[in-house]
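Counting starts at 1 for both ligands and their atoms, in listed order.
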Amino acid sequence: MNNTTDYFNIDALLTPEHLLIRQSVRDFVDAEIKPVIDQCAHEHKDIPNLMQKLGAIGALGPYIPEEYGGAGLDQMAYGLIMQELERGDSAVRSAASVQSSLVMYPIYTYGSEEQKCKFLPSLASGSFVGSFGLTEPNHGSNPGGMETRLTKNGDHYHLNGAKMWITNSPICDLAVVWARDEEGKIRGVIVERGMAGFSTPETKNKWSLRASQTGELVFENVVIREENILPHVNSLRGPLSCLNSARYGISWGVIGAAIDCYETALTYALERTQFGKPIASFQLQQKKLAEFITEITKAQLLCWRLGTLKNEDKATPEQISMAKRNNVKMAIDIARESRQILGAMGIVGDYPMMRHAANLESVITYEGTHDVHLLITGADITGISAFV
Ligand SMILES: Cc1cc2nc3c(=O)[nH]c(=O)nc-3n(C[C@H](O)[C@H](O)[C@H](O)COP(=O)(O)OP(=O)(O)OC[C@H]3O[C@@H](n4cnc5c(N)ncnc54)[C@H](O)[C@@H]3O)c2cc1C
């Protein structure tokens, strides 16, 4: 019997350091996330001290250099960390993804030396929580239409507008916000908690990512000094490069959710008896399980290859789109189908499928929707954009 989730021995392609990192994050998730996640999701509550705990295991900014508080790891390690966190819950991976790829990455890539030294170490330790403001009420898939404005006013700027659907906005200490200036250029602004005119109302009543807070970022004449503007970016390339990094992490992360569902379903199918036999002995259930491990294996190979390209700085945005789209769909399909293997038991919180499936409804929408990623591939292979 081969019940491994490494069916093609991809571990042989990883280094001993990668395997050690993966195991330590897996142990963390088993000890700190799995015992509390069902209750947190039910009660729509944060996981206690999540950001500090993620900081302590090096999951915040894993690929940011150590001199700025990061772990200085490669992209394969980043992916493996995301995979293990999402085995626990997509809310945990989302927290780490946003902080690492959408907050630390732009400050590291486009920030001044002063900004890097001021913000990155606290973000890496989790003592500061960051959020990323791109989506607006009227501009989701089309961020280029953004209405948030940065206008010059003597020796400072005013920020006006609103961002919506922002992960961790209600608890953030700072937000990396994208706004259009008077020349029409897109600028990255670091907005800090406590600035007058800045508020972060929570979005209530979510049925997905319930262990993660989502909210708005509202700016009413917020005074911004030059020192809070990222100096090395002035176009949509800035936020899109952040999304590339985060989408790469999502491609890996959702494999973790799929593995959690697969392992749960396999164990259950071997133990549950109907008609005098384990349900795993019925062909229809075997078909489901065999397809799960096949799809997980294909997703793992896609990510491993993407990780090697990313390490060489050769992964294209289109390749990342394809991996995000394929792997999220793979995971949500496995979450839904694996729930059926558990029959009625699949609907209770003692098993993770309903929670993963509900979470993945957000993951298939955020960071570029399933449809838009398909159109990115379509544009790449035909040379004709069907969406702009
Ligand atoms: C839980 C959660 C957390 C999030 N966190 C963040 C965050 O931290 N920061 C942030 O900035 N944003 C965040 N988002 C926002 C997310 O990125 C957007 O929801 C996403 O980009 C889609 O935008 P929209 O919801 O406005 O949908 P829309 O853009 O209105 O799309 C609606 C539908 O129309 C389709 N569609 C749109 N344009 C086209 C087209 N040209 N051709 C064909 N179909 C099209 C889409 O595929 C989709 O099915 C988050 C969202 C969720 C749910």
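- With 3.5 Å as the limit, one finds a donor-acceptor pair spanning the side chains of Tyr68 and Glu113.
- Taking the six-membered ring where the residue is Trp, Phe198 and Phe219 present parallel rings, their angle staying beneath 30° rather than reaching 60°.
- For Asn153, the side-chain contact (heavy atoms from CB on, under 4.5 Å) criterion is met by His156, His158, not counting sequence neighbours.
- With hydrogens and angles left out, the side-chain atoms of Tyr78 and Ser101 include a donor and acceptor closer than 3.5 Å.
- With salt bridges taken as basic N to acidic carboxylate O contacts below 4.0 Å, none links Asp89 and Arg93.
- For ligand 1, residues of the protein lying within 4.0 angstrom by heavy-atom distance are Phe132, Leu134, Thr135, Gly140, Ser141, Trp165, Ile166, Thr167, Leu209, Ser362, Thr365, Tyr366, Glu367, Thr369, Asp371, Leu375, Phe387.
- Counting only N and O atoms by type, the side chains of Asn160 and Glu220 include no donor and acceptor under 3.5 Å apart.
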